[in-house]
Amino acid sequence: MMTRMLVLMAALVAPILGHAVESGSQIAWTTETLKLVKKGNVEKGKSLAESCKSCHGEFGQGMSSEVVDDETIPAIPALAGQVANYTFKQLRDYFNGDRSNDSMTSIAKGLTEQDAADLAAWYAWLPAPKQKVGNNEKLAIAEKMVREGDGKRILPPCFVCHGANGQGEKMDIPSLAGQHADYFERTLLAYKNDQRHNDIYSRMRLIAKQLKDDEIKALARYYQNMQ
Ligand code: HEC
Ligand code: HEC
């Protein structure tokens, strides 16, 4: 039912935006795939994650670009506390070539489906990161987008999908709370210009394309500060 509604929504919106909506990902949330992720082994994931620590941090906290301090390496996303289905899907999308990144594509190619499920279970098990950095900026525009959206632009509020506390939701909607602002901004800009196109039914691209760059910046700060 939900799927049919989304397909309909995508079919209706695509011609308006003037480009075809591709599925964007080869992941289908079949009962078997959901079961595979649900049964991911935390202990196995923990040992596989040894090879991820150099970039994603000891506790999956990621790194902001200030810490990375190397122009060839972009900010690295936090993975701790992430919705397991989302992490699994991203690893499979890199594996299948539906999302690409210099570092992650080759790493994901070395992981089986089972490895991806185990890693997803491990990162979901870790507590979400706290990146709080001074909160004295004016984030009112972000607050409005998150809580109310903008009816004039047909922009739904972020919280209906990402949750009232930015915790993510069922199926494959990622948590955003505590994510590094510089990664957040970069990935939203990538959806906006179609560099990132692995979102099923273009759910994020349709939204990102309508956001102004300064709104994206404010939203990134807003979610980083959210606990
Ligand atoms: C050389 C550094 C490096 C290593 C090692 C690395 N990653 Fe990454 N990872 C990155 C970068 C950079 C990104 C952001 C890529 C992008 O923008 O698409 C990323 C993105 C991801 C994402 C997507 C996160 C999101 O919020 O969408 C996942 C999941 C991920 N990595 C998992 C892993 C796992 C699991 C391992 C170990 C098996 C690993 N990574 C090892 C650098 C690394
Ligand atoms: C219709 C539901 C929906 C709405 C509304 C929505 N999102 Fe998303 N968002 C998603 C889905 C689904 C994904 C994961 C797509 C994928 O697999 O790449 C996502 C991914 C993201 C990501 C990437 C996270 C990461 O770790 O790489 C960011 C950032 C994001 N959304 C921000 C927002 C913001 C800001 C808003 C409000 C302006 C918003 N989203 C509204 C469904 C939604």
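Heavy-atom basis, side chains included; hydrogens, waters and symmetry copies ignored. Small disclaimer: the values here were computed from a predicted structure and weren't measured.
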Chemist: In Å, rounded to the nearest 0.5 Å, how long is the span from CD of Glu143 to OH of Tyr222?
Modeler: 3.5 Å
Chemist: List the atom of Ala80, the atom of Pro129, and the distance in Å for their closest heavy-atom pair.
Modeler: O-CD, 3.3 Å
Chemist: Find the distance between CD (Glu58) and CG (Leu126) and round it off to the nearest 0.5 Å.
Modeler: 10.0 Å
Chemist: Start with the C-alpha gap between Ile207 and Leu155, add the side-chain angles, then the distance that decides, and say whether side chain to side chain contact (heavy atoms under 4.5 Å, CB included) holds.
Modeler: CA-CA 7 Å; Ile207 290 168; Leu155 264 174; 3.7 Å; yes
Chemist: Over all heavy atoms of both residues, which pair between Ala84 and Ala120 is shortest? Give the atoms and the distance, please.
Modeler: O-CB, 3.3 Å
Chemist: Step through the shown structure and confirm whether more than 12 heavy atoms of other residues, nucleotides or ligands are within 6.0 Å of CH2 on Trp29.
Modeler: yes
Chemist: Fit a plane to each ring of Phe184 and Tyr223, take the angle between them on a 0 to 90° scale, and name the class: parallel (under 30°), tilted (30 to 60°) or perpendicular (over 60°).
Modeler: parallel
Chemist: When you compare the side chain of Ser175 with that of Gln82, does any pair of heavy atoms fall below 4.5 Å?
Modeler: yes
Chemist: Under a 3.5 Å threshold, yes or no: a donor from one side chain and an acceptor from the other, between Asn198 and Asp93?
Modeler: yes
Chemist: Which pair of heavy atoms, one from Leu189 and one from Asp213, lies closest together, and at what distance?
Modeler: CD2-OD1, 3.6 Å
Chemist: For the residue pair Ala78 and Gln61, what are the closest heavy atoms and their distance?
Modeler: CB-O, 3.4 Å
Chemist: Going only through I, L, V, M, F, W and Y residues with side-chain contacts under 4.5 Å, is there a path from Leu111 to Val42?
Modeler: yes
Chemist: Have Glu43 and Asn41 got a donor and an acceptor in their side chains that come within less than 3.5 Å?
Modeler: no
Chemist: Sub-3.5 Å donor-acceptor pair from the side chain of Asn96 to the main-chain atoms of Asp98, do we have one?
Modeler: no
Chemist: Begin from the C-alpha positions of Ile76 and Ser103 and carry the test side chain to side chain contact (heavy atoms under 4.5 Å, CB included) through to its verdict.
Modeler: CA-CA 10 Å; Ile76 296 169; Ser103 308; over 6 Å; no
Chemist: Between Phe59 and Trp122, is there shared hydrophobic-cluster membership here, with clusters defined by ILVMFWY side-chain heavy atoms closer than 4.5 Å?
Modeler: no
Chemist: Identify the two heavy atoms, one from Leu219 and one from Cys158, that lie closest to each other, and give their separation to 0.1 Å.
Modeler: CD2-SG, 4.3 Å
Chemist: Does the Asn193 side chain pair with the main chain of Gln195, one donor and one acceptor, at a distance under 3.5 Å?
Modeler: yes
Chemist: Applying side chain to side chain contact (heavy atoms under 4.5 Å, CB included) to Met145 and Leu211, what does each step give before you reach the verdict?
Modeler: CA-CA 10 Å; Met145 302 297 307; Leu211 295 172; 3.5 Å; yes
Chemist: Does any non-hydrogen side-chain atom of Cys52 lie less than 4.5 Å from one of Tyr123?
Modeler: yes
Chemist: State yes or no: do Ile173 and Val146 share one hydrophobic cluster built from I, L, V, M, F, W and Y residues joined by side-chain heavy-atom distances below 4.5 Å, directly or via other members?
Modeler: no
Chemist: Check whether any side-chain heavy atom of Arg92 lies under 4.5 Å from a side-chain heavy atom of Gln26, and answer yes or no.
Modeler: no
Chemist: Are a donor atom and an acceptor atom from the side chains of Gln90 and Arg99 found within less than 3.5 Å of each other?
Modeler: yes
Chemist: Using the side-chain contact (heavy atoms from CB on, under 4.5 Å) criterion, which residues pair with Thr105? Sequence neighbours excluded.
Modeler: Tyr94, Ser100, Lys109
Chemist: To the nearest 0.5 Å, what is the distance between CD on Glu50 and NZ on Lys53?
Modeler: 3.5 Å
Chemist: Might you point out which heavy atoms bring Gln224 and Ala181 nearest each other, and give the distance in Å?
Modeler: OE1-N, 2.6 Å
Chemist: Atom OG1 in Thr187, atom NE2 in His180: separation rounded to 0.5 Å?
Modeler: 13.5 Å
Chemist: Between Phe88 and Leu119, is there shared hydrophobic-cluster membership here, with clusters defined by ILVMFWY side-chain heavy atoms closer than 4.5 Å?
Modeler: no
Chemist: Among Lys217, Lys192, Arg221, find the one that has a salt bridge (charged side-chain N to carboxylate O under 4.0 Å, His left out) with Glu185.
Modeler: Lys217
Chemist: What's the verdict on side chain to side chain contact (heavy atoms under 4.5 Å, CB included) for Leu34 and Met171, showing C-alpha distance, side-chain angles and the deciding distance?
Modeler: CA-CA 8 Å; Leu34 289 169; Met171 216 60 113; 3.9 Å; yes
Chemist: Between NZ of Lys209 and OH of Tyr191, what distance do you get to the nearest 0.5 Å?
Modeler: 12.0 Å
Chemist: Would you say the side-chain atoms of Asp115 pair up with the backbone N or O of Thr112, donor to acceptor, closer than 3.5 Å?
Modeler: yes
Chemist: For residues Ile107 and Leu91, determine if any side-chain heavy atom of one lies less than 4.5 Å from a side-chain heavy atom of the other.
Modeler: no
Chemist: Would you compute the distance between atom CG of Asn85 and atom CD of Glu169 and round it to the nearest 0.5 angstrom?
Modeler: 12.5 Å
Chemist: Is there a donor-acceptor contact under 3.5 Å from the side chain of His162 to the main chain of Gln167?
Modeler: no
Chemist: Can you find a heavy atom in the side chain of Thr33 that is under 4.5 Å from one in the side chain of Lys38?
Modeler: no
Chemist: If hydrophobic clusters are built by linking Ile, Leu, Val, Met, Phe, Trp and Tyr wherever their side-chain heavy atoms come under 4.5 Å apart, do Leu36 and Phe95 end up in the same one?
Modeler: no
Chemist: Is it true that Ser202 and Asp199 share a donor-acceptor pair across their side chains at a distance under 3.5 Å?
Modeler: no
Chemist: Has Arg186 got its NZ or CZ under 6.0 Å from the middle of the six-membered ring of Tyr183, at an angle within 45 degrees of the ring axis?
Modeler: no
Chemist: Can you list the steps and then say if Arg153 with Glu215 is a salt bridge (charged side-chain N to carboxylate O under 4.0 Å, His left out)?
Modeler: CA-CA 14 Å; Arg153 283 182 277 175; Glu215 289 172 331; 2.9 Å; yes
Chemist: Under 4.5 Å between any side-chain heavy atoms of Pro77 and Gln179, yes or no?
Modeler: yes
